[in-house]
Number of protein chains: 2
Amino acid sequence: MMMDFDEKSRQHQLKITPQRTAIFKILTTARNHPTADNVYQEVKTEFPNISFDTVNRTLLTFAEVGMIEVIESNGHCRRFEPNLKTHHHFYCVGCGEITDFFHKEYDNLEIPENISRRFHVTGKRMVIKGLCDKCI
Amino acid sequence: MMMDFDEKSRQHQLKITPQRTAIFKILTTARNHPTADNVYQEVKTEFPNISFDTVNRTLLTFAEVGMIEVIESNGHCRRFEPNLKTHHHFYCVGCGEITDFFHKEYDNLEIPENISRRFHVTGKRMVIKGLCDKCI
DNA sequence: TATTAAATAGGAGTAATTACTATTTGTCAA
DNA sequence: TTGACAAATAGTAATTACTCCTATTTAATA
């Protein structure tokens with residue numbers, strides 16, 4: 001997995017720094033959809049002097065080259081998605097928690113022609129909304 | 001339409017104030033997916049002394065009772081959706097603009113059983129990502 | 001191992017949102 | 001109608017999330 005990291009970094013001309021390595025490692029084992037601050041707090045235990053800006057910029061850089069994804073956050077702070085396999089989201093409108101799920105039937109649905117004609121489509125995701133058991 | 005507003009307000013025990021009436025009217029004619037500040041700027045022409053907090057709280061209140069919807073915003077500021085008809089979104093990862101579209105094939109897809117069992121589902125939406133012509 | 005462009009830490013600045021408080025207003029029951 | 005009261009408002013302060021700036025350090029390369 002970290003081999004992946006070095007390889008992907010070289011692919012995109014990103015320098016491999018200890019900070020970036022640590023951030024990426026945290027992402028691969030992250031609880032669901034961490035915020036920049038979640039990652040910052042965790043990486044600080046290893047690099048007490050790391051700045052929030054470094055963490056945040058690194059996450060945005062990773063997202064820019066496609067190593068992670070920025071996901072919908074409904075007005076709260078930005079969340080990152082380390083899971084790049086095709087999948088879908090359940091979003092709890094109560095607590096804002098996002099749960100990944102897989103469902104083959106959604107994966108291969110066709111893009112409507114009036115969208116594929118107007119836009120350059122790179123992906124799609126079903127977002128199901130509702131309440132989790134804690135919020136009912 | 002404004003009759004709707006009075007009716008819905010009473011349904012949810014919301015007091016009908018001139019400020020709320022104006023905000024709702026702006027929403028019904030809004031350009032796509034206004035932010036709280038968009039609405040604030042517009043309502044200020046009618047109520048120069050209205051506070052941002054009133055506008056923001058009102059929008060959240062409307063969303064809470066289901067008169068509008070809060071939509072995915074990928075880390076930028078919160079956006080509101082006045083269109084309650086079943087529809088889907090194209091999201092431009094370049095400029096962040098969200099375009100509504102209708103597509104019957106997506107509307108009646110079944111919710112996977114492992115989701116409907118775990119959660120109380122209230123809605124679903126296909127979110128297609130990519131670049132608009134301005135951002136390619 | 002010297003060069004150089006990129007990355008970092010630290011802090012300042014900005015934008016979006018939320019909290020607080022005194023005052024005003026809409027609703028409902030008498 | 002009117003009076004009581006809970007809810008809503010304006011104005012402002014505070015907080016949170018994010019971005020920008022600059023001097024210094026570091027990774028990649030040749």
Side-chain angles (χ1 to χ4, degrees), chain A residues 2 5-24 26 33-65 67-68 70-80 95-96, chain B residues 2 5-24 26 33-65 67-68 70-80 95-96:
Chain A
M2 292 319 279
F5 173 67
D6 289 13
E7 211 172 295
K8 281 182 186 172
S9 294
R10 276 189 281 271
Q11 258 174 41
H12 297 101
Q13 283 88 44
L14 298 184
K15 292 186 177 170
I16 298 167
T17 68
Q19 292 90 334
R20 282 183 175 171
T21 305
I23 289 168
F24 190 79
I26 285 167
H33 314 112
T35 64
D37 191 61
N38 292 154
V39 177
Y40 173 58
Q41 294 306 330
E42 199 169 339
V43 78
K44 254 206 308 195
T45 64
E46 193 177 345
F47 292 87
N49 292 329
I50 199 167
S51 71
F52 174 81
D53 189 43
T54 296
V55 176
N56 194 50
R57 246 183 321 91
T58 299
L59 291 168
L60 292 176
T61 302
F62 287 171
E64 210 168 327
V65 303
M67 290 164 66
I68 59 174
V70 180
I71 55 172
E72 69 274 5
S73 62
N74 293 258
H76 299 94
C77 67
R78 190 186 277 136
R79 290 185 175 276
F80 297 92
C95 60
Chain B
M2 293 317 278
F5 173 67
D6 289 13
E7 212 172 296
K8 283 182 186 172
S9 294
R10 274 188 283 269
Q11 257 174 43
H12 296 101
Q13 284 87 45
L14 298 183
K15 291 186 179 174
I16 299 166
T17 68
Q19 291 91 334
R20 284 183 172 169
T21 305
I23 290 168
F24 190 79
I26 285 166
H33 314 112
T35 64
D37 192 62
N38 292 152
V39 176
Y40 173 57
Q41 294 306 330
E42 197 169 341
V43 77
K44 256 207 306 196
T45 63
E46 192 177 344
F47 292 86
N49 292 330
I50 200 168
S51 71
F52 174 81
D53 188 44
T54 296
V55 175
N56 195 50
R57 246 183 322 89
T58 299
L59 291 168
L60 292 176
T61 302
F62 286 172
E64 210 168 325
V65 302
M67 289 163 66
I68 61 175
V70 180
I71 55 172
E72 67 276 4
S73 61
N74 293 260
H76 299 91
C77 68
R78 188 184 279 136
R79 291 185 176 276
F80 297 92
C95 60

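Chain A is the first sequence line, chain B the second, and so forth, proteins listed ahead of strands; every chain is numbered from 1. Below, each value reflects all heavy atoms present in this structure, side chains not excepted, and no hydrogens, waters or symmetry copies.
- The minimum heavy-atom distance linking B:His33 with B:Arg79 is given by the pair O-NH1, 2.7 Å.
- Heavy atoms only, all atoms of each residue included: B:Tyr40 and B:Ser51 are closest at CE1-C, 3.7 Å.
- Close to D:dT16, at under 4.0 Å from its OP1 or OP2, lies no side-chain N or O of A:Thr35.
- Between B:Glu64 atom CD and C:dT18 atom P there is a gap of 12 Å when expressed in whole angstrom units.
- Listed nucleotides: D:dT19, C:dA7, D:dA10. Nearest to the side chain of A:Leu14: C:dA7.
- Which of D:dA6, C:dA6, C:dT8 sits closest to the side chain of A:Thr17 comes down to C:dT8.
- Residue B:Tyr40 contributes atom OH, which lies 14 Å from atom C1' of C:dT17 at whole-angstrom precision.
- One atom, CZ of B:Arg20, and another, P of C:dT24, lie 19 Å apart when rounded to the nearest Å.
- Residue A:Asp37 is out of contact with every strand shown, counting any heavy-atom pair closer than 4.0 Å.
- In B:Gln41, the CD atom is crowded: over 12 heavy atoms of neighbouring residues, nucleotides or ligands sit closer than 6.0 Å.
- Here A:Pro48 lies out of heavy-atom contact (under 4.0 Å) with every strand.
- In this structure, the CZ atom of B:Phe80 is 7 Å from the P atom of C:dT17, given to the nearest Å.
- Within the 3.5 Å criterion, the main-chain N or O of A:Thr35 finds a donor-acceptor partner in the side chain of A:Asn38.
- Close to D:dA8, at under 4.0 Å from its OP1 or OP2, lies no side-chain N or O of B:Arg57.
- Closest approach of A:Phe80 to A:Ala36, counting heavy atoms only: CE1-N, 3.9 Å.
- Of the candidates C:dT8, D:dC18, D:dA10, D:dA10 carries the atom nearest the B:Ser51 side chain, counting heavy atoms from C-beta on.
- A donor and an acceptor atom sit less than 3.5 Å apart, one in the side chain of A:Asp53 and one in the base of D:dC21.
- Among the nucleotides C:dA7, C:dG10, C:dT17, the one closest to the side chain of A:Lys15 is C:dA7.
- A donor-acceptor pair is defined here as one N or O able to donate and one able to accept, closer than 3.5 Å; such a pair exists between the side chain of A:Arg20 and the backbone of A:Lys15.
- Atom CG of B:Asp6 and atom C1' of C:dG26 are 12 Å apart (whole Å).
- Here B:Gln19 reaches the OP1 or OP2 of D:dA10: one of its side-chain N or O atoms lies under 4.0 Å away.
- Closest approach to the B:Cys77 side chain among C:dA16, D:dT9, D:dT19 is made by C:dA16 (side chain taken as heavy atoms from C-beta onward).
- Here the nucleotide nearest the side chain of A:Asn56, chosen from D:dG11, C:dT8, D:dT19, is D:dT19.
- If you take CZ of A:Phe52 and C1' of C:dG13, they are 14 Å apart, rounded to a whole angstrom.
- Protein atom CD1 of B:Ile16 is 16 Å distant from nucleotide atom P of D:dA7, rounded to whole Å.
- As judged by a 4.0 angstrom heavy-atom cut-off over every strand, A:Leu59 is placed among residues making no nucleic acid contact.
- Between C:dT18 and B:Arg78, a contact under 4.0 Å exists linking OP1 or OP2 to a side-chain N or O.
- Distances were taken from every side-chain heavy atom of B:Thr58 (C-beta onward) to each of C:dG26, D:dT9, D:dA27; the shortest belongs to D:dT9.
- Distances were taken from every side-chain heavy atom of A:Thr54 (C-beta onward) to each of C:dT8, D:dA10, D:dT9; the shortest belongs to C:dT8.
- Remark: C1' of D:dA10 and NZ of B:Lys44 are 13 Å apart, rounded to the nearest angstrom.
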